[in-house]
> 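Please see the structure below; I have some questions.
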Amino acid sequence: IDDLKKINMKKGRYVGDEILCHAVVAIEAETSGARNIYRINGDCFAVNLPGYNRDEVQDIFKGIQERLKEHCTVSGGCVPYREYHIPDSGSLCQYAENTLELSKAQGKNMLKFFSTADYEKELETLELKEELMEAIKNGFKGFSVHYQPQVNPDDFGLFGAEALMRFQSPTRGFVSPVEFIPILEQSNLICAVGLWILEEALHQCVLWRRVVPDFRISVNVSYTQLRDQNIAQQFIY
């Protein structure tokens, strides 16, 4: 069930409990009451559908959506376990939960089918996040600042540079900013790294101003950093 916590806050737990009951009735109706329904946690249910193909599962999900549309939206994660080698029931539940999380992360109110590619990508993201956290703990080891020159178009004179963050993974080598910056932002780690890159850039600017007195450094600031109420005090150098 999408946003059950918000529903409870806005309308009260009584309404939330009613929606849970409606969900069970909807699942039972769409599976003809022939399948056991399992409540995995507060807002999550599971049902085993042996012998069903993807289209049939999609139809069941659409039917559940239709029955619940006056009350809430729902997201789903499905593991076609006959298509994959699933070592045990624990892995099956883990794959299903991961697929459900992807469904919610990609906009909610949809059914997403498990794929090994999605799962492996999610594992890589978790591993990279752990590496980033470890790097920050170890004095930002692995992070570096590269500088892109800024040139005056009139006389082609160098007047400044843009500071660009880079990360070297101990296991994967160079990691594209397209990969690691979203992880930093989603986990709020960007705040710590953002201050570090600012200090590095300002220190370098001081050195370069000994050669070019009015040299300027541009530093990108994340929206996540701008949400920090103390950002002005942190940026005073």
Side-chain angles (χ1 to χ4, degrees), residues 2-3 6 75 98-99 101-110 112 115-237:
D2 293 332
D3 302 316
K6 292 181 180 179
S75 300
N98 177 258
T99 309
E101 288 175 3
L102 286 177
S103 175
K104 288 180 175 288
Q106 294 178 6
K108 302 180 181 180
N109 199 30
M110 68 175 74
K112 188 170 181 65
S115 76
T116 52
D118 286 339
Y119 189 72
E120 288 171 1
K121 183 178 180 181
E122 192 71 12
L123 284 178
E124 288 180 358
T125 299
L126 289 174
E127 291 169 358
L128 179 55
K129 180 181 177 182
E130 291 176 356
E131 288 187 359
L132 292 168
M133 293 175 66
E134 191 65 24
I136 293 171
K137 289 180 182 178
N138 292 327
F140 302 94
K141 183 179 180 180
F143 285 100
S144 61
V145 185
H146 292 205
Y147 296 93
Q148 180 169 286
Q150 295 175 329
V151 178
N152 190 317
D154 295 327
D155 58 10
F156 301 104
L158 180 69
F159 71 88
E162 180 183 5
L164 303 172
M165 186 192 310
R166 296 292 182 261
F167 180 69
Q168 187 81 10
S169 162
T171 60
R172 300 169 55 185
F174 173 78
V175 181
S176 169
V178 175
E179 288 187 66
F180 74 81
I181 288 181
I183 297 174
L184 291 175
E185 291 181 325
Q186 291 163 12
S187 59
N188 281 333
L189 295 173
I190 192 68
C191 295
V193 182
L195 286 176
W196 173 81
I197 192 174
L198 177 65
E199 291 176 357
E200 291 289 308
L202 290 176
H203 176 71
Q204 186 62 58
C205 188
V206 169
L207 297 177
W208 280 337
R209 279 193 172 186
R210 296 174 183 174
V211 181
V212 182
D214 59 349
F215 195 87
R216 302 174 183 178
I217 291 282
S218 300
V219 180
N220 294 311
V221 179
S222 166
Y223 169 72
T224 305
Q225 290 175 267
L226 294 175
R227 292 173 59 188
D228 190 330
Q229 295 180 353
N230 299 317
I231 187 172
Q233 290 75 18
Q234 293 171 348
F235 274 37
I236 294 175
Y237 190 76

> At what distance, to the nearest 0.5 angstrom, does OG of S115 lie from CG of L102?
8.0 Å

> Take M133 and K129 through the side-chain contact (heavy atoms from CB on, under 4.5 Å) test and state the conclusion after the steps.
CA-CA 6 Å; M133 293 175 66; K129 180 181 177 182; 4.2 Å; yes

> In Å, rounded to the nearest 0.5 Å, how long is the span from CD1 of I181 to CD1 of I190?
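One finds 6.0 Å between CD1 of I181 and CD1 of I190.
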
> Check for a donor-acceptor pair, side chain of T99 on one end and backbone N or O of K112 on the other, with a separation under 3.5 Å.
no

> Within a strict 4.5 Å, meaning less than it, do heavy atoms of the E162 and N220 side chains meet?
yes

> State, to 0.1 Å, how close P177 and M165 come at their nearest heavy-atom pair, and which atoms those are.
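Heavy atoms of P177 and M165 come nearest at CG-O, 4.0 Å.
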
> Would you call the rings of F143 and F167 parallel, tilted or perpendicular, taking 30° and 60° as the class edges?
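Taking F167 first and then F143, their aromatic rings sit tilted (interplane angle of 30° to 60°).
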
> What are the two closest heavy atoms between S218 and Q150, and how far apart are they?
OG-NE2, 3.4 Å

> Does the side chain of F140 reach to within under 4.5 Å of the side chain of V193, using non-hydrogen atoms?
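They are in side-chain contact.
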
> Tell me whether the count of non-hydrogen atoms from other residues, nucleotides or ligands lying under 6.0 Å of CZ in F156 goes above 12.
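No.
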
> Taking all heavy atoms of Y147 and all of A201, pick out the closest pair and write down the distance.
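Scanning both residues, the minimum pair turns out to be OH-CA, 3.6 Å.
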
> Distance from S187 atom OG to L132 atom CG, nearest 0.5 Å?
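Going from OG on S187 over to CG on L132, the span is 7.5 Å.
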
> If I take atom CG from residue L189 and atom CZ from residue F180, how far apart are they, to the nearest 0.5 angstrom?
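If I round to the nearest 0.5 Å, the distance is 12.0 Å.
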
> With heavy-atom distances below 4.5 Å as the criterion, would you say the side chains of L128 and I183 are in contact?
yes

> Checking K121 now: which residues fulfil salt bridge (charged side-chain N to carboxylate O under 4.0 Å, His left out) with it, not counting sequence neighbours?
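Partners of K121 under the salt bridge (charged side-chain N to carboxylate O under 4.0 Å, His left out) test: none.
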
> Measuring from T171:OG1 to E124:CD, what's the distance to the nearest 0.5 Å?
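So the gap between those two atoms works out to 9.5 Å.
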
> Taking all atoms of both residues into account, what is the closest heavy-atom pair of V145 and A163, and its distance?
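Minimum heavy-atom contact is CG1-CB, 3.8 Å.
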
> Counting N and O atoms only, with roles assigned by atom type, does the side chain of D2 sit under 3.5 Å from a partner on the main chain of N109, one being a donor and the other an acceptor?
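Such a contact is found between D2 side chain and N109 backbone.
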
> Mind listing the closest non-hydrogen atom pair of G194 and Q225 along with its distance?
CA-NE2, 3.5 Å

> Please round to the nearest 0.5 Å and tell me the distance separating atom CD1 of I197 and atom CG of L202.
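If I round to the nearest 0.5 Å, the distance is 10.5 Å.
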
> Quick one: closest heavy-atom pair of R172 and E179, and the distance?
NH2-OE1, 2.7 Å

> Side chain of R166, backbone of S144: donor and acceptor closer than 3.5 Å?
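Looks like no, no N/O pair under 3.5 Å.
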
> Using a 4.5 Å cut-off on heavy atoms from C-beta on, say whether the side chain of D3 contacts that of K108.
yes

